[in-house]
Amino acid sequence: MLDFAVLNSSFANPTWISVVYAFLLSFILGTALAVAYVRTFRGLSYSLNFLHGLVLLPIVIAIAMQAIGDNVARGIGMIGALSLLRFRTNVKDPRDMFFIFASLAVGLASGVHAYGIAIIGAVCFISALLVLQKSPFASGPQFDGLLRLNLARSGDDQREVEDILGRSCRHFALATIREMAQGDRLDFSYQVRLNARATSAELVEQLGKVSSVRGLNFMNQESVIEV
């Protein structure tokens, strides 16, 4: 039976079992954050490398905190070592930044043996995510995927395409339009929300019957793509 007294070791002099628990808790909470990120994600694609980072980052932070302990010299040395690294990855979505900070926080709390704070903090963070997902803040048009195609420069063909989209989709929105083939053709991108009984395969099949449609491509929202 687990004796919680072994977890109450000093941060300056941790026991082996407290170190193991710190790393194990970091892994479990990091995995919980990654699962929450996937379940609440609303974009077209997300990076698997980012998910792996959410799981591994708490463990790395816990290792660093265990190694530093309460030794000021070690802490200064760690800062000097990290200053040699240059992180050039741009985080475009503020939501991703909050997940990175949450991952750092649970790793930091686990590393200093504040297990209760790590667990409660992670639970509160995930609970807030779920509440926000169900709240009016998350309402608005959500799309099943991104449709791309190009047409001959003819208003009749575009109207025919949009008639098909109107029959097969709850709603759709023109995202981008650009010229190609020296202006003879137009490239369209639509965000679409399919009807309950419609499928992406059926939509592609119907659009393929339009005479001038070329380069037809439908990217599902659920797809996981390295970006």
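Throughout, residue positions are numbered sequentially from 1 according to the sequence presented.
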Evaluate the side-chain proximity of [Y] to [X]: yes if any heavy-atom separation is below 4.5 Å, no if none is.
X	Y	answer
Val161	Asp157	no
Phe218	Leu207	no
Leu165	Leu203	yes

How are the rings of Phe41 and Tyr37 set to each other: parallel, tilted or perpendicular (split at 30° and 60°)?
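Phe41 and Tyr37: tilted rings.
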
Nearest 0.5 angstrom please: [X] [atom1] to [Y] [atom2], how far?
X	Y	atom1	atom2	result
Leu186	Glu179	CG	CD	6.5 Å
Ile164	Gln206	CD1	CD	6.0 Å
Glu162	Leu174	CD	CG	7.0 Å
Phe101	Leu57	CZ	CG	11.0 Å
Met65	Ser26	CE	OG	11.0 Å
Phe50	Leu48	CZ	CG	12.0 Å

Quick check: closest heavy atoms across [X] and [Y], and the distance to 0.1 Å?
X	Y	result
Cys169	Asn195	C-OD1, 3.2 Å
Val213	Arg185	C-NH2, 4.3 Å
Ala118	Ala109	CB-CB, 3.7 Å
Ser110	Gln66	O-NE2, 4.2 Å
His113	Ala22	CD2-CB, 4.5 Å
Phe23	Ile59	O-CG1, 4.3 Å

If Ile, Leu, Val, Met, Phe, Trp and Tyr residues are connected whenever their side-chain heavy atoms lie under 4.5 Å apart, and connections chain through other members, are [X] and [Y] in the same group?
X	Y	value
Tyr21	Val123	yes
Val192	Ile177	yes
Leu104	Val106	yes
Ile63	Val55	yes
Phe99	Val131	no

Looking at Thr176, Asp187, Asn217, which one forms a side chain to side chain donor-acceptor pair (under 3.5 Å) with Arg148?
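The single option meeting the side chain to side chain donor-acceptor pair (under 3.5 Å) with Arg148 is Asp187.
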
side-chain contact (heavy atoms from CB on, under 4.5 Å) partner of Ser103, chosen from Val60, Leu56, Leu54, Leu108:
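Among Val60, Leu56, Leu54, Leu108, the one that satisfies the side-chain contact (heavy atoms from CB on, under 4.5 Å) with Ser103 is Leu54.
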
Tell me if the CD atom of Glu202 is crowded by more than 12 foreign heavy atoms within 6.0 Å.
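Enclosed.
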
Give the C-alpha distance, both sets of side-chain angles, the deciding distance and a yes or no for side chain to side chain contact (heavy atoms under 4.5 Å, CB included) between Leu29 and Phe125.
CA-CA 11 Å; Leu29 295 180; Phe125 181 82; over 6 Å; no

Would you check, one step at a time, whether the test side chain to side chain contact (heavy atoms under 4.5 Å, CB included) holds for Leu216 with Leu149?
CA-CA 4 Å; Leu216 190 56; Leu149 54 91; 3.8 Å; yes

